[in-house]
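Input: a single structure, listed below in C-alpha cells.
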Amino acid sequence: MFLSIFDMFKVGVGPSSSHTMGPMVAAARFLDLMRASPFEFHGVRGSLHGSLAFTGVGHATDRATILGLAGFSPDSYDHDKAEAELARINADKTVQPDSLPKLRFDPKQDLIFDYDQPLPGHANGMVLMATDAQGDVILRQVYYSIGGGFVLTEEELANGKATEEGAPVPYPFKSAAEMLEMASASGKSIAAMKRGNEVARGCEMSLKTGTARIWDVMNACIERGLHTDGILPGGLSVRRRAKGIHDALQAERGMNLTAPHTINDWMSVYAMAVNEENAAGGQVVTAPTNGAAGVLPAVLRYYLDHVPGAAPSHVEDFLLTAAAIGGLVKYNASISGAEAGCQAEVGSASAMAAAGLCSVMGGTPEQVENAAEIALEHHLGMTCDPIKGLVQVPCIERNGLGAIKAVSAASLALRGDGKHLVPLDAVIETMRQTGQDMHEKYKETSLGGLAVNVPNC
Ligand code: SF4
C-alpha cells in the first residue's frame with residue numbers, strides 16, 4: 001500500500017474536498033475522456049447523486065462541476081477568472097474547454113441534483129455525459145468522489161483501484177502493526193520510512209520542494225484567515241471570528257493576565273482561520289480533507305510558534321509522519337464524512353496531527369502510534385451534520401477542538417513509553433465499523449443532528 005504525501009496533502013479550493021474538489025477533478029477527467037474519444041461532441045450534461053445532491057448547494061458542488069467542465073482544476077484555481085467564466089457560461093450556455101469544440105451546456109438544465117436515486121458504489125456519486133448534435137448521449141461515465149479529493153470511476157471502484165500502481169516501495173506497511181515492525185527492524189523513524197517510500201516513487205528534491213510548498217500554502221491560509229473578517233457566504237450569517245480572537249490574543253501577550261488554558265485559544269484560532277478561509281471558498285490544503293483542513297496546520301503552527309526548541313527544519317518530518325498515519329486510515333477505513341461521519345474527517349486529521357507533533361518532539365515510533373491512537377479513539381462515533389450543508393457549523397470550531405485533542409494526545413503519548421492497551425489498528429477498524437453502522441442522516445446529508453435541530457436554520 002502506498003499513498004503519496006502529495007495525494008494526502010493536495011492544494012485545492014474550498015469548501016469541501018469531496019463535494020467541491022472531487023467533482024471538479026471528475027469533470028477534468030471526463031474532459032480527458034472526451035479528448036481521447038473519436039466522437040464529435042456538441043454538448044455536456046451531468047447529474048449529482050446521494051450526498052453530492054443533498055449537500056451539493058451548500059458545498060458549491062454545482063459550481064465546481066461547471067468550472068471543471070470549463071477546464072478549471074483545483075490546484076491552479078483562480079477565483080476571479082472562475083467568477084468571470086461562470087458569468088459567461090450562464091449568459092452563453094456553453095463551455096469552452098481546451099482542445100475540445102465549444103459545447104452546449106445550460107447550467108440550469110444540464111446539471112441535475114438527483115435526490116431520489118443514489119448511486120450504488122458510494123454516497124458521493126455523479127454521472128457525466130457528452131452528447132452529439134441531436135442531443136443524444138454518446139459518452140457516459142460514472143464517478144465517485146471518495147473523500148479528500150480522490151476520484152474513482154465506477155470501474156476503478158469495482159476493481160478496488162486505489163493506490164497499488166507504481167514501483168515497489170521499501171516499507172510497504174498496510175497497518176500500524178506492520179509499520180512498527182518495519183521501524184523496529186530498520187531502526188528508522190516513521191518519517192524516515194515514509195521518506196524512503198516517497199523517494200522510491202519520485203526524487204528527494206521534489207519531496208523537499210513539494211513539502212515546503214505544502215507548508216507555505218497551509219501557513220498562508222492561516223495568515224489570510226487571521227487577517228480577514230466579515231460574514232461567511234451561504235446564508236447562515238456566520239461571522240468570521242479568527243481575526244478578532246487573534247487580535248485579542250496578540251494584545252494580551254506579555255501582560256501576565258492570561259490563564260494557562262489560553263494556549264488552547266491559540267491552537268483553535270489557527271484552525272479556525274483555515275476553516276473560515278475554506279468556508280469562503282479560498283485556497284486550502286486537504287489534510288486529509290477540506291472540512292478538516294485546519295487541524296494539522298494549527299498543530300504545526302502551534303509547534304513552530306509556541307514550543308521551545310521547535311525548528312522549521314522539522315516540518316518535513318511532521319508532514320511525512322502525518323501522511324503515513326493518514327494513509328493507514330484511508331486504506332483500512334475512510335477519510336470521508338459521507339462514508340463514515342466526522343470521525344473519519346476531523347478524527348483522522350487529529351490522529352495525523354498528533355502523530356506529526358509527537359514525532360518532531362522526539363517520540364519513538366511506538367509513542368507516535370500511541371499519539372495517533374489516542375487522538376482517533378476520542379473522536380469515534382462523531383457524526384457529520386453540517387447546518388444547511390455548509391462547511392461552517394459545526395466544522396470551524398470542530399477543527400479547533402480537533403487540534404487541541406491532537407496536542408493533548410501527543411503530550412500524553414510522550415509521557416508514556418509507547419506501551420498501551422488499544423492498538424491504533426483496532427481504533428481504525430472500530431472507526432470503519434462505526435461508520436458502516438452510522439445512519440445515513442449523519443453522513444454528510446444534513447438530514448439529521450445539528451442540521452435539523454437548530455432553530456431558524
Ligand atoms: S461535520 Fe465534519 S465531516 Fe461533516 S462537513 Fe463538517 S468537518 Fe466535514
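FYI, side chains are in, hydrogens and waters are out, and symmetry mates aren't considered; it's all heavy atoms of this structure. Note that ligands are numbered from 1 as they come in the structure, with each ligand's atoms numbered from 1 the same way. For clarity, every value in this text was computed on a predicted model and none was experimentally measured.
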Counting from 1 in the order shown, the ligand 1 atoms closer than 4.0 Å to a non-hydrogen atom of R398 are 1 (S)

Please write down residue, atom name and distance for the protein heavy atom closest to atom 8 (Fe) of ligand 1.
-> E345 OE1, 2.9 Å

Exceeds 12 heavy-atom contacts within 6.0 angstrom, atom CZ of F72 | yes

Report the part of M382 (side chain from C-beta onward, or backbone N, CA, C, O) that has a heavy atom under 4.0 Å from ligand 1; answer both or neither where that applies.
-> neither

Give a yes or no on whether R239 atom CZ has more than 12 heavy-atom contacts from other residues, nucleotides or ligands under 6.0 Å away.
-> no

Give the single entry among G294, C342, A451, G402 that approaches atom 2 (Fe) of ligand 1 most closely by any heavy atom.
-> C342

Give the atoms of ligand 1, by number and element, whose distance to some non-hydrogen atom of G291 is under 4.0 Å.
-> 7 (S)

Given H420, which of E366, E369, Q367 fulfils the side chain to side chain donor-acceptor pair (under 3.5 Å) condition?
-> E369

Got more than 12 heavy atoms from elsewhere within 6.0 Å of CD, E154?
-> yes

Less than 6.0 Å separating the ring centroids of H314 and F318?
-> no

Note: heavy atom closest to atom 4 (Fe) of ligand 1, options C395, S446, S18, C384, belongs to C384

